[in-house]
Amino acid sequence: MSGDSRPVELVADLRNVIGEGPVWLEDEQRLVWVDIKGHHVHWLDPKTGRLEQIDVSADVGAVAPTTSGALIAAAGNGFQALDQKSGRIKTLAVAEPDRPGNRMNDGKCDSRGRFWAGTMADDETPGAGGLYRLNLDYTVDRMLSDVTVSNGLDWTADDRLMYYIDSASHRVDVLDYESSAGTIANRRPLIQIDKSDGMPDGMTLDAEGGLWVALWGGWSVRRYRPDGSFDLEIKIPASKVSSCVFGGPDFSDLYITTAASGLSEKQLEKQPHAGGLFRCRPGHGGRPPYRFGG
Ligand code: ZN
């Protein structure tokens, strides 16, 4: 594998247990992300370097901006309104009333303002999770079943395709997408990641349709072309790279979350900034996130 080395800087040395789900908030010009097992939502204002955080007292898999300026979270037992001052969450919809051993994981809004988020068994029982769609009227539909670790997802700019990662499959899959109904069909493999290169986790698309995939256990983020072919790799000084997103005033800064979960003291000596938030300018740009419209 050829390493395409770009300067990567540490921008928040927070030792997140599982840093995840970065989203650029355009109105505030801030990044928001979660620490799933640390139960925190974090914000960074890159202009001032100011960090803020709140404790939501629950596993929080993802957050998304809403059209009203608030945040919605995939946390605890489902989809939650999040009070950004107190950290209190209020259940909007329970995702899986029948599966108490599951938790919410990665999620993202689609172009019509629906919030998609997946689940996984906390003990990673194979096939116990699913992918759910929170509709604008707060009803929930199960969109995929038999998922083990529901993770990164994103849509092409023309809304014709959705990409999806179940980390346990070691693949990035592609599905046909119908945006007005929000339906998916014809799931098929697009990218196979070798086990020795890490597990695919979070994912974002750039403005040219390239896929940026975080590799958990792989010390890197990779770019794949829309046809699934490998393009480049950015090395990160932390092994458990969990997700990435474009942000900044021109959407050309790539923000990268990592995890310290499960690392021994000895491993942490070798990667002292594990669980930190990193940033680089990889020469590609992204696009603004969609917001929940309910
Ligand atoms: Zn993830």
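In listed order, ligands and their atoms are each counted from 1.
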Within 6.0 angstrom of R50 CZ, more than 12 heavy atoms from elsewhere:
no
Is a side-chain donor or acceptor of S243 paired with a backbone partner of T257 at a separation under 3.5 angstrom?
no
Any donor-acceptor N/O pair, T258 side chain to K240 backbone, under 3.5 Å
no
Members sharing V149's hydrophobic cluster, built from side-chain contacts under 4.5 Å between Ile, Leu, Val, Met, Phe, Trp and Tyr, are M120
Check this for me: does any side-chain nitrogen of one of R114 and D141 sit under 4.0 Å from a carboxylate oxygen of the other?
no
Below 2.8 Å, which protein N, O or S atoms neighbour the Zn ion (ligand 1), ignoring water?
E20 OE2, N151 OD1, D201 OD1
Are the aromatic ring centres of F246 and W212 under 6.0 angstrom apart?
yes
